[in-house]
Structures are given as C-alpha cells and as structure tokens.
Amino acid sequence: MNSMRMLARLVSVLGLLAVAAVPQERPPEIPPAQRPAARAAVVAKAAEAILDRLARDGDFQHANREAVKLFERVIAHAPLDEPELFRRACLTQRLIRLLGRHDETKRLPLLDYLRRNDHLASALAFAVKSGDRVAGVLEVVERLREAHGPHLDPYGNLVAALAVVHDSGGAAGAAHAVQLFEYYVRHEKQMLYGIRHLPPELLVHVVDTPAGVEELEWALEKYAGDTNVGERYSDVPFDEMHRAQGTTKRIAGHPYTLENLRKLGGICSDQAYFASNVGKAIGVPAVAAGGKAGDQAHAWVGFFESRGTRKGKWNFESGRTFEFRQVRGWVLEPQLGQHVPESHIAVLAEMVGTTPAGRQQALTFVDAAHRLSWMRRMQQTASHEPLLPGAEDAAPRAMDEATQLLLIETGLRKNPACAEGWEAVAALARGKQLSAAAVREWAARLDRMCGRDYPDFSADILKSLVASLEDVDEQNRSWENAIRYFRRRLDLAAELRMDQARMWEKAGRADRAAACYQDLLENHANDGLFVLTALERAERLLRAGNQAARVPALYEQTWSRIRMPEAAHNKRASNWYLVGAAYLRVLEEFKDRARAEWVRSRLRKVAG
C-alpha cells in the first residue's frame, strides 16, 4: 500500500517536471505598423470595461482605482506621439471622479447619458477644475439634461462653460444657466464667433453674464455684429456730478439694466460692466478689468478680437486712461471666482488655433505629470504590465523629473495656451526642482511658444524660473538677459529689475540692490508705478547705511524726471502726483517747510 502511494507520488512529480520543461509559448510580436492601432484598442477596451462594470455595480471607488491603474499603465508605457491613449485613459478617470461626487441616486443615469454623448462628456470632464463646486456643476448639467437632453451634445462646449461658471448659484443659478443656454442657441446665427466651436476656456467669458435674457435681447438688437465692443464703453455717459461732488448716481433708484445704464450713465465700473455685457450678449468673450494707482482705482474693458478663423487677440485698451496704461490690470476669473492678471486672460486667445482634442490632450499630459509626481512622493513604482504582449514596450519609462517635464512639454506643444502646464513648470521652479540647465531650456521654450505674442504672461512665468536659480551670479546674469529681452516693454523690464534688486537684498548686497534701484529711478521713472516701491526701498537702504540726509535729494531728483500729467488725465493717479506726494512727506519729515509748501502748491495747482 505504501509502495503504491510512493509510486503514484513519483509519477505525479515526474509529470509536473515534464510540464515545467515544456517552454512557454511567447505571444506573437505585433508588427510595428500595427502597434498604434493595437495599443489604442487595448486602452479603449480597458476603459470601456471599467465603465461597463461601473454601470452594473455602481462601485465608484473600485472604478476609480481601476481607472487610475489604467492611467498609470499608459503613463508608463504609451508612446508620447500617441496622445489619444493618454487622453482616453485620463478622460475615464476624470469622468468617474466627477460623477463619484454626484448624488448617489443620479450617478448612474448621468453616466449612461454622458456615455451616449461623447462630445459633451469630454468637454465637461476637462472643463472642471480643482476648486469648482462639483455639486453645483452637476446640478446645472442635470437641469439642462432635463430641459434639452437630446439636443445638448452638439453644444458640449457651451454646456461645460455654463456648468463651471454657474456652479455656485444654487437652484437660481442653474435656472439662469438654462435660460442662457436657450438664449444662445436661439440666437446662434447672430453670435459673432459662434457658440459650438468656441473653446470652453473662452466661452466662460461669454456666459458669465448676470444680465437677464430681456437685457441680452435688447443688447443683441442694438449691437449684433459689432466687432469693436470696446467702443461701447463710452456709450454710458460719465456721471461727472457723482465723481466731482459725491452726489447719488443718477441710476440709483432705477433697475440696474444695460438699457438704463446707457440712458442714465455711471462711472468707470459701470461703463466696463456695460461694454463687457454687451459683448457677452452678442457672443464676444469680454471682461471688466481694473487696477489701482495709489489711492485711485479705475475700470476698463477687455474683449476678444478675431484675426481670422484660427487667430485672435484680447484688447485691453478701451476705457484705459493714460495713467493706467502701465498699471497691471486684474480680472475676476468667472470659473473659480479668483482675481487673475489680465495677462492670463490674454493668452487664452491662442485657444482659437487649437482643436478640442489638442486642448484636452494638453490637460491630460499635465494630469500625467502630476500623477507621476505623486507616485514619486509615495515611492510607488511604475506599472510593469505592458500595453501589448511581447517585449516591444515591456520596460516602463523612468518615473523621474525629466519624464515629468517631458510630459508637460508634450502637452504644451498641443496647446501653448495651457496655463496649467506653464504653472506646473513654475511650481517645479519655485520648489527648487529644476536644474540650472532645465531653467535655461524652459526659458527658451517659453520664448518660442509665448514670449513674442504674450510678453506679460511670459514675464510672469519667467520670474519663477529665474528666481529659482541658487547661484546668485547665475541668477543675476539671467535677470540681465531677461531685462534685455524685454527692452521694448520698459514696464516689464523695470519689473524684472525690481526682482533683481530683491535678489541682491536677500543676498546681503545692499550696494548692488541700490544700483538696481538707481537704474529704475533714472531710466524708468515714467514706466510704471513700481517707481514708488523703488523709491521706498532705495530710501530704506540709505537710512540703513546712515545716509538719511540723502533721502530728500533722492525724491527731488526722481520727481524732476517724471512727466506732468496732461489736462485730460486723472492727475491724482499719475506717477507725477504720487511721487510728488511722497516727496512732500519726506520734506515735512526733514522740516524743510519752504520747499514742502512749494511742492504742496504745485500738487494743488496741477491736480486740484
């Protein structure tokens, strides 16, 4: 009995050894020409399988984990010249994450609807940003689906823009969004730049109007087809009595409508509101912008101007008085409700030369870079499961900073106006994660992609790049190069000189900082309000160096270089008046009463 058991065991072992000895059959290698299509099929099938299972079991947590794994697998193995692989995986994850925050009773019906409306699903998933009120976004989508479900997909960009702008208005905001959708669709042929193909990033500056539909109808009747929205700024008569004497504005006590503003007038903020909302009524992206000069504030209008079917620019000159030409303007960004520099709005003009796929792919690669960064922080290894059988793509790409930057660069080539990509690079620079060589490379890349057309935006990103350089001498050379580059934009050159001076102060080189401030005061006194900051810092250095007696002369010499404002200008917002007022303060401190009285009388005579 025991011998029989031993024999049986021996036979079993020999059988196992025989099986093990048989070489495993390797999957046939796919010809190179067929691999892109094969990889696309693998990713599409995997994405659909995740969504199919989600539709059956409603387990959003499991679906999100599987979508993340798919995205990581694509990040590790997909060729960068096959961007649709990345976009498809990223879209799946974004969609699941978005709907996972929806009301539990509505998640699966909306998932089913969006899967049957691809354009809308993609536009919505890529329009939502961190910081959006997702419950409000989806409430707008649900209200629109209820009212116009079968007809939304062709208007996916419009729906996405309405949803992310009106996400914080509750039921009233959602109802207003539905009314706006109906208005824009009803008058689609009269919209100057259309509403189907205008990117959501530009459409948010069309649909963010608080005006009622009746007001919009009135504006459309008056101004349809107007290509120069900026001229509408002066259609609102300026309420001089209110500004000069502080009387109640004429429009007070009347409904605050576009028609009443045109009849009764207002101040600069009312003029900017009127012009920008006329633009929105006729389908023109438009914003009210503003800034401060000393204690003087002013508002003007910015609007998009087409330069052909795939080119355009933002115009921020209408209503902008002389004193505010070199004041950095700010705009209330409607999606997140944050104030951003107008330069960040201007760069959106580049969007008209892109495709929906290109814009979404750019965001996808930024998402991929952020995911890679998270994996590195968590010390998580890349997926070793290739997309195709065989060895052709078995080795995952390196999960390092170089790959992170390569992903961002790939995205920006799809859409140079992808602010999220540039901000990701700037954040890496601020975190001291870029080498000096990488800083130089990205500065050159910024120049090629944005520098000439969007100098203000480029200067903002460039500051973070240059300031990240650890070596003071190298950073100083970079500031000098940047200042020479912006020599035709003296206001930007002066801003960079200010940053250079701060660098020297931080390095403990007061003499070098003082030289920067002196250059600003001698050569840029008329180029922007930064001259006040330069004066204050130069004064502080003199006092710290026991040279306080030189402070009055510093202010006198600077004031003498500044042009007096012309008669039609807002004199109290001018460099001349603001520096003169600062000079007066210094004279009073040093008890130079005679000169102080002379300066005071000049200020009164010129500015009243």
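This chain uses plain numbering: 1 for the first residue, then up along the sequence.
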With the side chain counted from C-beta on, respond yes when [X] and [Y] share a heavy-atom pair under 4.5 Å apart, and no when they do not.
{"X": "T533", "Y": "L520", "answer": "no"}
{"X": "N277", "Y": "P210", "answer": "yes"}
{"X": "P455", "Y": "F486", "answer": "yes"}
{"X": "S478", "Y": "L469", "answer": "yes"}
{"X": "N476", "Y": "W504", "answer": "yes"}
{"X": "I96", "Y": "L51", "answer": "yes"}
{"X": "V284", "Y": "V206", "answer": "no"}
{"X": "H77", "Y": "R397", "answer": "no"}

Any Lys/Arg nitrogen of [X] or [Y] sitting under 4.0 Å from an Asp/Glu carboxylate oxygen of the other?
{"X": "K45", "Y": "D52", "value": "no"}
{"X": "E48", "Y": "R115", "value": "yes"}
{"X": "K69", "Y": "E66", "value": "yes"}
{"X": "R452", "Y": "D447", "value": "yes"}
{"X": "R325", "Y": "D491", "value": "no"}
{"X": "E409", "Y": "R445", "value": "yes"}
{"X": "R489", "Y": "E495", "value": "no"}

For the residue pair [X] and [Y], what are the closest heavy atoms and their distance?
{"X": "L95", "Y": "A121", "answer": "CD1-O, 4.3 Å"}
{"X": "G312", "Y": "V352", "answer": "N-CG2, 3.9 Å"}
{"X": "S276", "Y": "A288", "answer": "CB-N, 4.0 Å"}
{"X": "R88", "Y": "A47", "answer": "NE-CB, 4.0 Å"}
{"X": "L465", "Y": "V439", "answer": "O-CG1, 3.5 Å"}
{"X": "R320", "Y": "G329", "answer": "NH2-N, 3.7 Å"}

Show, in sequence, the C-alpha distance, side-chain angles and deciding distance for R87 and Q360, and conclude whether the side-chain hydrogen bond (donor to acceptor under 3.5 Å, both in side chains) test is met.
CA-CA 7 Å; R87 193 194 73 87; Q360 293 166 16; 2.8 Å; yes
Can you confirm whether [X] is buried at [atom1], in the sense that more than 12 heavy atoms of other residues, nucleotides or ligands lie under 6.0 Å from that atom?
{"X": "R502", "atom1": "CZ", "result": "yes"}
{"X": "K432", "atom1": "NZ", "result": "yes"}
{"X": "R488", "atom1": "CZ", "result": "no"}
{"X": "K129", "atom1": "NZ", "result": "yes"}

Does a side chain donor of either [X] or [Y] reach within less than 3.5 Å of an acceptor in the other side chain?
{"X": "Y155", "Y": "R196", "value": "yes"}
{"X": "Q500", "Y": "E480", "value": "yes"}
{"X": "Q361", "Y": "E84", "value": "yes"}
{"X": "T364", "Y": "D367", "value": "no"}

I'd like to know whether D460 forms a salt bridge (Lys or Arg N to Asp or Glu O under 4.0 Å) with R328, so could you lay out the CA-CA distance, the side-chain angles of the two residues, the decisive distance to 0.1 Å, and finally the verdict.
CA-CA 11 Å; D460 289 341; R328 283 290 199 115; 3.1 Å; yes
Checking the side chain of [X] only, and the main-chain atoms of [Y] only, is there a donor and an acceptor separated by less than 3.5 Å?
{"X": "R101", "Y": "V134", "result": "no"}
{"X": "N64", "Y": "F60", "result": "no"}
{"X": "E333", "Y": "L336", "result": "yes"}
{"X": "R107", "Y": "H102", "result": "yes"}
{"X": "H176", "Y": "T209", "result": "yes"}
{"X": "K463", "Y": "D499", "result": "no"}
{"X": "D400", "Y": "T403", "result": "yes"}
{"X": "S373", "Y": "A369", "result": "no"}
{"X": "H344", "Y": "V331", "result": "no"}

Report the C-alpha separation of Q338 and W330 in whole Å, then their side-chain angles, then the decisive distance to 0.1 Å, and conclude whether the side chain to side chain contact (heavy atoms under 4.5 Å, CB included) test is met.
CA-CA 10 Å; Q338 300 172 346; W330 291 80; over 6 Å; no
In sequence, state the C-alpha distance, the side-chain angles, and the governing distance for D453 and V347, and then conclude on side chain to side chain contact (heavy atoms under 4.5 Å, CB included).
CA-CA 8 Å; D453 292 331; V347 76; over 6 Å; no
Quick one, H62 with D59, criterion side-chain hydrogen bond (donor to acceptor under 3.5 Å, both in side chains). Give me CA distance, side-chain angles, the key distance, then yes/no.
CA-CA 6 Å; H62 178 269; D59 189 342; 5.3 Å; no
Hey, can you tell me if [X] and [Y] have their rings parallel, tilted or perpendicular (30° and 60° cut-offs)?
{"X": "W422", "Y": "W442", "result": "perpendicular"}
{"X": "F86", "Y": "F365", "result": "tilted"}
{"X": "H298", "Y": "Y233", "result": "perpendicular"}

Carefully, step by step, assess R430 and E423 under the rule salt bridge (Lys or Arg N to Asp or Glu O under 4.0 Å).
CA-CA 10 Å; R430 290 191 294 269; E423 179 50 37; 2.2 Å; yes
Within 45° of the ring axis of F71 and under 6.0 Å from its six-membered ring centre, is that where the NZ or CZ of R371 lies?
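No, R371 does not lie over the aromatic ring of F71.
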Could R359 and F126 be counted as a cation-pi pair, given that NZ or CZ must be under 6.0 Å from the ring centre and within 45° of the axis?
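Output no; distance or angle outside limits.
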How far apart are the C-alpha atoms of Q335 and D132, what are their side-chain angles, what is the distance that settles it, and do they pass the side-chain hydrogen bond (donor to acceptor under 3.5 Å, both in side chains) test?
CA-CA 7 Å; Q335 182 167 353; D132 275 315; 2.7 Å; yes
Step by step, would you call E142 with K106 a salt bridge (Lys or Arg N to Asp or Glu O under 4.0 Å)?
CA-CA 9 Å; E142 291 286 15; K106 299 178 180 179; 5.5 Å; no
Apply side chain to side chain contact (heavy atoms under 4.5 Å, CB included) to L363 and N415, showing your working.
CA-CA 9 Å; L363 289 170; N415 177 18; over 6 Å; no
Starting from the C-alpha separation in whole Å, work towards a yes-or-no answer on side chain to side chain contact (heavy atoms under 4.5 Å, CB included) for M399 and Q380.
CA-CA 9 Å; M399 298 285 107; Q380 179 177 322; over 6 Å; no
So among V140, L98, N157, which one has a side chain to side chain contact (heavy atoms under 4.5 Å, CB included) with L124?
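Looking at V140, L98, N157, the match for L124 under the side chain to side chain contact (heavy atoms under 4.5 Å, CB included) is L98.
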If the test is ring-ring contact (aromatic ring centres under 6.0 Å, His included), which one of F304, F303, W314 qualifies with H205?
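So, applying the ring-ring contact (aromatic ring centres under 6.0 Å, His included) to H205 and each of F304, F303, W314, only W314 qualifies.
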